[in-house]
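Every heavy atom of this structure was used, including side-chain atoms; hydrogens, water molecules and symmetry mates were not.
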Amino acid sequence: METSPKPEAQFHAINPAEQASLRQSGIAIGDQMIAAMKSRNHAEFVANLIPEIIDQVTPEKFNELCDFIAREHGTLKSSEFLAELSRPPWVNMVWKLTYTKEVKDSSEPVTQELLFKVTFGKLDGSYKVLAFVMIP
């Protein structure tokens, strides 16, 4: 599932003095989204999304996403924050997600890694998730 904000949304540039605050908030929000996928908690997952994205991530689509991830990649074993990439007026943050999956005809589970990219912006004075994507 990939999401993107509608073009009419008004985003504000994040000034250099705000970078540390955004980094701290962004990591906490991204970690919350990852935990919400693992526990299948739709309300937690969408808590910091902009309204246009919340409309795209219905409970049904969220459950489909969780089912797809479990079927294709297995169980989330760990997550690691990797990078913050500036792209004014947005900031992209990237996590490595490590999954394990039992595979027929193998005595050992298969380990798979995905990237989880979350795009943050400042909207109406707070940091919000503008988009997210899982990258195999």
Side-chain angles (χ1 to χ4, degrees):
M1 167 178 271
E2 183 172 352
T3 60
S4 59
K6 294 182 181 174
E8 63 269 13
Q10 295 298 310
F11 305 107
H12 306 285
I14 298 166
N15 67 54
E18 294 178 289
Q19 284 300 113
S21 175
L22 171 61
R23 181 181 176 87
Q24 183 177 8
S25 295
I27 290 172
I29 291 168
D31 287 345
Q32 174 184 328
M33 292 175 73
I34 293 165
M37 282 189 288
K38 186 173 183 175
S39 65
R40 295 176 168 258
N41 187 327
H42 177 261
E44 283 272 315
F45 188 82
V46 301
N48 293 289
L49 304 182
I50 60 173
E52 294 89 350
I53 303 300
I54 292 173
D55 293 345
Q56 294 177 40
V57 186
T58 64
E60 294 78 20
K61 285 188 179 181
F62 175 74
N63 286 329
E64 288 173 12
L65 172 65
C66 292
D67 290 343
F68 174 80
I69 291 169
R71 185 175 57 253
E72 295 296 318
H73 305 291
T75 304
L76 179 66
K77 292 300 179 187
S78 66
S79 63
E80 176 186 356
F81 176 74
L82 295 179
E84 173 182 349
L85 308 167
S86 182
R87 189 173 164 240
W90 307 297
V91 172
N92 291 312
M93 294 187 162
V94 181
W95 284 257
K96 177 176 77 172
L97 306 181
T98 303
Y99 290 84
T100 59
K101 180 179 179 181
E102 299 296 326
V103 178
K104 196 185 294 187
D105 300 326
S106 176
S107 60
E108 296 291 321
V110 173
T111 299
Q112 299 183 53
E113 297 175 333
L114 304 176
L115 295 177
F116 180 55
K117 181 183 84 166
V118 181
T119 303
F120 292 92
K122 191 172 184 183
L123 183 64
D124 298 328
S126 19
Y127 304 123
K128 294 289 185 183
V129 174
L130 310 178
F132 63 89
V133 64
M134 306 262 317
I135 305 164

When you compare the side chain of [Y] with that of [X], does any pair of heavy atoms fall below 4.5 Å?
| X | Y | value |
| --- | --- | --- |
| W95 | L82 | no |
| M33 | L49 | yes |
| T98 | T111 | yes |
| L114 | I135 | no |
| N63 | L65 | no |
| K117 | T119 | yes |
| E113 | L97 | no |
| S79 | F116 | no |

For the pair K61 and D55, find out whether any cationic side-chain nitrogen is under 4.0 Å from an anionic carboxylate oxygen. no

Same cluster or not: L85 versus V133, using hydrophobic residues (I, L, V, M, F, W, Y) connected whenever any side-chain heavy atoms lie under 4.5 Å apart? yes

Specify the closest pair of heavy atoms between [X] and [Y], including all atoms of both residues, with the distance to one decimal.
| X | Y | value |
| --- | --- | --- |
| I27 | M93 | N-SD, 3.9 Å |
| L76 | K38 | O-NZ, 3.4 Å |
| R40 | A70 | NH2-CB, 4.4 Å |
| F120 | V129 | CE2-CG2, 3.7 Å |

How long is the gap from [atom1] on [X] to [atom2] on [Y], to the nearest 0.5 Å?
| X | Y | atom1 | atom2 | answer |
| --- | --- | --- | --- | --- |
| E72 | D67 | CD | CG | 11.5 Å |
| R23 | E84 | CZ | CD | 5.0 Å |
| I34 | S78 | CD1 | OG | 10.0 Å |
| T58 | H42 | OG1 | NE2 | 6.0 Å |
| D124 | I50 | CG | CD1 | 10.5 Å |

Going through the distances and angles, do M37 and M134 end up as a side chain to side chain contact (heavy atoms under 4.5 Å, CB included)? CA-CA 12 Å; M37 282 189 288; M134 306 262 317; 4.0 Å; yes

Tell me whether the centres of the aromatic rings in F132 and F45 are closer together than 6.0 Å. yes

For the residue pair H73 and Y99, categorise the inter-ring angle as parallel (less than 30°), tilted (30 to 60°) or perpendicular (more than 60°). tilted

Could you check whether any side-chain N or O of K101 sits under 3.5 Å from a backbone N or O of R71, counting only pairs where one atom can act as donor and the other as acceptor?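 A pair under 3.5 Å: yes.
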
Could you check whether any side-chain N or O of Q32 sits under 3.5 Å from a backbone N or O of E44, counting only pairs where one atom can act as donor and the other as acceptor? yes

